[in-house]
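Notes follow the structure.
All values below come from the heavy atoms of this structure, side chains included, with hydrogens, waters and symmetry mates left out.
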Amino acid sequence: MSETAVKAHGVADAHANRWKALTFIALAQLMVVLDATIVNIALPSAQQDLGISDGNRQWVITAYALAFGGLLLFGGRIADLWGRKRTFVAGLIGFAAASAIGGAATNEAMMLGARALQGAFGALLAPAALSLLAVMFTEPKERAKAFGIYGAIAGGGGAVGFILGGVLTEYMDWRWTFFVNIPFAIIAASGAYFVIREPAGGRNRSPLDIPGVILSVLGLVTLVYAFTRAESDGWGDSTTVGLFVASAVLLAAFAVTESKVKAPLLPLRVITERNRGGVYLSLGLAIIAMFGLFLFLTYYLQIVKGYSPVKTGFAFLPMIGGMMVGSTQIGTRLMTRVAPRLLMGPGFLVAAFGMLFLTQLEIGSSYSGVILPGMVLLGLGMGTAFMPAMSLATFGIEPRDAGVASAMVNTSQQVGGAIGTALLNTIAASATTSYIKDHIAGAGSKTQQQLVQLEGQVHGYTNAIWFAVGILVLAATIAATLINTGRPGSTTVAGSAEGVEDEVAVPVAMH
């Protein structure tokens, strides 16, 4: 059989298994997204069992975020170099092992080490998963359906984490929030190993850009840590300011390096293309708004309304439902008919309108009158916008860049999550302190003082949610102005991966 025939056979094989492969890719993505929030609900119990101090408890979340956010670009490049299927399976096995260590943790150091390992293997796994979809689904209608499913999971998985975290913590033990990852990972890795057939000719075998790896890891870790520290120590803290300056210098040095080296870790062509740049920026902003909201609603429902962890988790279900409908019904059906900006811009605005409902929160607000409509609209809007964003971020990309383009989607989400939690939490805390200071003098009895404390918390949440509304409007504006591609067509372009002579079918946008 000739080399061309072998390649054609490989592509046909990959094509035949693509829907089965999507099942295992979606399962792995769900596991990674779940893990970002499932631990939040288990954290109080884990902290008590392992004797973690209040000052150090944030590191259970931060250790994961730093490793995941810092290593994503490196993970995406490894997927392009080493092969996406191999990287995907290795990431799953490593994630399962790290989860087992976290579940069996007997002290603080063991827990923090396990979380950092989870983040590192997640950084291998997440870009490999998205880039596999990018190279396996190239026909516009099928691509729309595949990315609709993936977008719904990417958006709604975090909220599912609250439900699962609540159920496992309340009825079993916090350790199961870690152990639950193991069956997910084993099923996904086994399925991927036997089902996924990666199309031939999409590797990028250029030597690894070591200076780029070091600068990107240091720059991103410093940036994520700066936002985390700002939340705990304040924005004016000298160390916080120093970290922000250091991250800016490191990332600027990274950009200069990438423009000069022969085989860059992040080819600047990936982010300077206006449509992809628009996606990364608007998606990052939307995640800032959404992650902050998750945090406030969890606290509002548990502390102000007295919901149990399980009831809190189920209270998020309408948002998940909205995301599923927005992504798989609205986004998927319209993606091949209208330009992406006509889904993303209005989608973010609908989400902002949902947030507007939540700015009306008071201590006595009813779930059905305020929270429910806000959540449904937020889910519908985000689901509709996420779906074309996920697809467009890797749309028309050269096969050799698919891994690193996918990593940029995850990086914008991860950095957005870190910024959202820190920025909006700081705004909320400042507004709460100010409210209590102004009203506590007029509260005579202890009961009245407790009421003022609760009112102050809710005032802080609504203040921060107003900022989130503004951030979503900004995301909608960026999506509507920067993203100018037309609706997906079915034209194919020659793949320009090094060493690939045959044509690779890659849908390109019709202007």
Side-chain angles (χ1 to χ4, degrees), residues 33 36 69 130 147-148 150-152 154-159 223 227 271-297 319 322-323 326-327 330-331 334-335 338-359 374-395 405 408-425 427 463-485:
V33 177
L130 185 54
F147 277 89
Y150 187 89
L223 182 64
F227 278 107
I271 51 172
T272 51
E273 199 278 314
R274 68 179 287 168
N275 291 290
R276 273 195 293 278
V279 166
Y280 299 145
L281 194 53
S282 60
L283 198 59
L285 285 167
I287 294 289
I288 289 174
M290 202 164 90
F291 262 63
L293 181 79
F294 277 173
L295 189 72
F296 300 136
L297 273 183
M319 184 162 67
M323 278 185 176
S327 191
I330 302 171
L334 293 179
M335 188 182 147
V338 301
R341 68 176 179 274
L342 299 180
L343 287 174
M344 288 180 67
F348 289 140
L349 285 178
V350 169
F353 189 62
M355 287 264 196
L356 268 180
F357 267 88
L358 300 169
T359 60
M375 278 193 173
V376 169
L377 286 169
L378 182 68
L380 273 173
M382 287 293 200
T384 302
F386 268 30
M387 189 261 153
M390 291 288 179
S391 178
L392 193 60
T394 53
F395 195 66
M408 273 303 299
V409 180
N410 289 286
T411 302
S412 66
Q413 287 179 291
Q414 190 62 27
V415 173
I419 295 170
T421 306
L423 177 65
L424 295 178
N425 217 16
I427 292 164
N463 255 31
I465 292 169
W466 271 111
F467 272 86
V469 171
I471 290 167
L472 278 173
V473 171
L474 180 59
T477 307
I478 288 169
T481 52
L482 271 187
I483 296 169
N484 66 351
T485 184

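If you take CG on L281 and CD1 on I478, they are separated by 4.0 Å, rounding to the nearest 0.5 Å. Here CE of M408 is found 12.5 Å from CG of L130. Values are rounded to the nearest 0.5 Å. Atom CG of L472 sits about 4.5 Å away from atom CE of M382, to the nearest 0.5 Å. With values rounded to the nearest 0.5 angstrom, L424 atom CG is found 5.0 Å from F296 atom CZ. The CZ atom of R276 sits 13.5 Å away from the CG atom of L482 when rounded to the nearest 0.5 Å.
Scanning both residues, M375 and L297, for their nearest heavy atoms gives CE-CD1, 3.5 Å. Here the closest heavy-atom approach between residue T481 and residue R274 is recorded as O-NH2, 2.9 Å. Across all non-hydrogen atoms, the minimal contact from P340 to I483 is CB-CG2, 4.4 Å. In plain terms, the two heavy atoms of A352 and V469 that are nearest each other are O-CG2, 3.9 Å. Across every non-hydrogen atom of G345 and A479, the tightest pair is N-CB, 4.1 Å. Nearest approach of M319 to L378, heavy atoms of both residues: SD-CD2, 3.4 Å.
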field: Derivation of the side chain to side chain contact (heavy atoms under 4.5 Å, CB included) call for N425 and F227
entry: CA-CA 11 Å; N425 217 16; F227 278 107; over 6 Å; no
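For the pairing with T384, the side chain to side chain contact (heavy atoms under 4.5 Å, CB included) check across L343, V350, L334 returns one residue only, L343. If you run side chain to side chain contact (heavy atoms under 4.5 Å, CB included) between Y280 and each of N275, T411, L285, V409, only V409 comes through.
Under a cut-off of 6.0 angstrom, the local environment of CZ in F467 is sparse, with at most 12 non-hydrogen atoms contributed by other residues, nucleotides or ligands.
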